[in-house]
K.L.:
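First the structure, which I've put down as C-alpha cells, then a few questions once you've had a look.
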2 protein chains.
Amino acid sequence: MSQEMEYHISEQRLHIRQIVIDAIAETMDLYGGTPSSGQLYGIMFFENKPMTLDEMKVRMNMSKSNMSYAVRSLVESQMVKKLEEKQDRKELYVAEVDFFHTFQNFFTLKLQREINVMTEAISKALLELTEIIIDEHITDQERNLALQDLYKLRHGQTYYEWLQKFVDALKQEEYFKDFA
Amino acid sequence: MSQEMEYHISEQRLHIRQIVIDAIAETMDLYGGTPSSGQLYGIMFFENKPMTLDEMKVRMNMSKSNMSYAVRSLVESQMVKKLEEKQDRKELYVAEVDFFHTFQNFFTLKLQREINVMTEAISKALLELTEIIIDEHITDQERNLALQDLYKLRHGQTYYEWLQKFVDALKQEEYFKDFA
DNA sequence: CAATCCGTACAATTAATACTGTACATTATA
DNA sequence: TATAATGTACAGTATTAATTGTACGGATTG
C-alpha cells in the first residue's frame, strides 16, 4: 500500500473519531461542561493511553493554562482520573471510558450536592415556618398562608428522601444489574 | 395584633421563602439554568396561582423581554407550564410544584436528546469503521487501530441501549413506585 | 375596522465566562 | 544544593451569554 493511502486511512479514522467527539461536545452541556471540555473528553476517550497537559495542549491547540483548568473540571466531575504515577515529571490523566461509570459518578455527585443544599434549606425553612404557625398572636389568614408553604416544603422533603434513595441505589449499581 | 406585627410576620414568611428560593437558584446549574431562572422558578413555586409576564417582571425586577426568554426556557425544560386560558389578554404560567414530575420531565427530555445525538453519531462511526476494517488493502496495524475504536463504540452503544431503558422506566414511573 | 395591548424578535449593552500569557511556587533531577 | 521543568494562580483579553430597550406583528376589544 502506498504512503498516501495509509495516510488517507489514518485521516479517515480521525474523521470518524471526530464525528463522535463532536456529538460528545454537543451533549456536554447536560453535564455542565463547555463544548471545548467535551472535545477534550472526547479526545481522551479515544486515546488509548494516559495524556499529559502538553499533549492536550497540542491536540486542542490551546494554552497549557487552559488545559490545566479544563482537565481539572473533568476530574472534579470524575469523567477523567489523575493517575498516581508520572511520566517524565508530567502528570498523567486518563478518561473514564466506561459510560456506565461516568453516568454513575456524575449523577451521584451532582444530585448529592443538590440533596444537601436543598434539604438544609428546607429544614431551616420548615423550622421557622413552624415557629410562625404555633405563634398564638397571628391571624388565621397568616397561619393558613404559612401552612400552605409548609405543606409544599413537606412534599419537597419527601421528594429529597426519595432522591437520596435513588442516589444510593445508583451508587450500589442497582439499576445496572441486568446489564453490562 | 398591630399592623406592624402583621407586617413583620409577612416579611418573615417571605424571608423563609427566600431561603428555599436561593437554594433552588444555587442548584439550578445542574438543570442547565442560570441562577436568575432558578429564582424565577422558586418564586413561581411558592406562588399559589398562575403568573403573568408582568407579574414576573415586577417580582424579579427585570425587563419583560427577559422574563419572556427566562420563562420560555423553563417551559422548554418543562419546569413551568403555559396555561391554555388567559387573564385579561395575558398569558398565564404556572410552576410544576411536584419535584417528582420536574425530575421525570427534565431527565427524560435531556437524556433522550443525548441518546439521540450519541446513537446517531456512534452508528455512523461504526458503519464507517466497518468499511475500513473489511478493506483488504489496509495494514494489520491500521485494522487493529480501527478495531480498537470499534470496540469502544460498541460498548458505548450498549450503554445507550441501557440508558434508553432507563429513560423509558423513568417515563413509566418505575422508580417512583414505592413512593409518593 | 380602528385602537390598544400582549409577547417576542432583534440590536445594543452589560455581565459572566472562557481562554491566554506570564510569573512563580513546588517538585524532581543531577 | 543548584538547576530545570511542571502545573497553577493571576491578571488581562476575548468570547459567549444574559439582560435591556425598542419596535413590530398579531390578537383582542370596543
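Reckoned from all heavy atoms, side chains included, excluding hydrogens, waters and symmetry mates. By convention in this document, chain letters (A, B, ...) are assigned in the order of the sequence lines, proteins followed by strands, and residues within each chain are numbered from 1.
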K.L.:
Show every side chain to side chain donor-acceptor pair (under 3.5 Å) that has at least one partner inside residues 51-70 of chain A, sequence neighbours left out.
P.N.:
A:Glu47-A:Arg59, A:Asp54-A:Lys90

K.L.:
Measure the shortest side-chain to side-chain distance between B:Tyr93 and B:Met44 over non-hydrogen atoms and say whether it is less than 4.5 angstrom.
P.N.:
yes

K.L.:
Could you state the CE-C1' distance from B:Met67 to D:dG21, rounded to the nearest angstrom?
P.N.:
14 Å

K.L.:
Can you find an N or O donor on one side and an acceptor on the other, under 3.5 Å apart, linking the side chain of B:Ser65 with the base of D:dG21?
P.N.:
yes

K.L.:
Does any part of the side chain of B:Gln157, heavy atoms only, come nearer than 4.5 Å to the side chain of B:Thr119, both counted from C-beta?
P.N.:
no

K.L.:
How many Å lie between CG on B:Leu92 and P on C:dC6, as a whole number?
P.N.:
13 Å

K.L.:
Respond yes when some side-chain nitrogen or oxygen of A:Asn66 is under 4.0 Å from OP1 or OP2 of C:dA18, and no when none is.
P.N.:
no

K.L.:
How many Å lie between CG on B:Asp88 and C1' on C:dC6, as a whole number?
P.N.:
12 Å

K.L.:
Please give, in whole Å, the distance from C:dT17 P to A:Asp29 CG?
P.N.:
16 Å

K.L.:
Please work out which of the three classes, parallel, tilted or perpendicular, describes the rings of A:Phe99 and A:Phe45, given edges at 30° and 60°.
P.N.:
parallel

K.L.:
Could you go step by step and tell me if A:Phe107 and A:Tyr31 meet the side chain to side chain contact (heavy atoms under 4.5 Å, CB included) rule?
P.N.:
CA-CA 9 Å; A:Phe107 284 110; A:Tyr31 302 94; 3.8 Å; yes

K.L.:
Mind running a 4.0 Å heavy-atom check of residues 77-87 of chain A against DNA chain D and sending the residues that fall below it, in number order?
P.N.:
none

K.L.:
Hey, does A:Ser36 reach any base, or is it just sugar-phosphate, or nothing, if we go heavy atoms under 4.0 Å?
P.N.:
sugar-phosphate

K.L.:
To the nearest angstrom, how far is A:Leu40 atom CG from C:dC19 atom P?
P.N.:
10 Å

K.L.:
Roughly how many Å is it from CD in A:Glu91 to P in D:dA5, rounded to a whole number?
P.N.:
17 Å

K.L.:
Could you give the CG-to-P distance, from B:Asn61 to D:dA18, as a whole number of Å?
P.N.:
19 Å

K.L.:
Please determine whether any donor N or O and acceptor N or O are separated by less than 3.5 Å between the side chain of A:Arg89 and the base of D:dT6.
P.N.:
no

K.L.:
Counting the atoms with a prime plus P, OP1 and OP2 as sugar-phosphate, which does B:Thr34 contact under 4.0 Å by heavy atoms, base, sugar-phosphate, or nothing?
P.N.:
sugar-phosphate

K.L.:
CG of A:Leu53 versus P of D:dG7: gap in Å, rounded?
P.N.:
5 Å

K.L.:
Do A:Glu96 and A:Met79 come within less than 4.5 Å of each other through their side chains, counting heavy atoms only?
P.N.:
no

K.L.:
B:Arg72 side chain: which of C:dA9, D:dT19, D:dC10 is closest?
P.N.:
C:dA9

K.L.:
Between B:Trp162 and A:Tyr175 (judged by ring centroids, cut-off 6.0 Å), do the two rings come close enough to count as a pair?
P.N.:
no

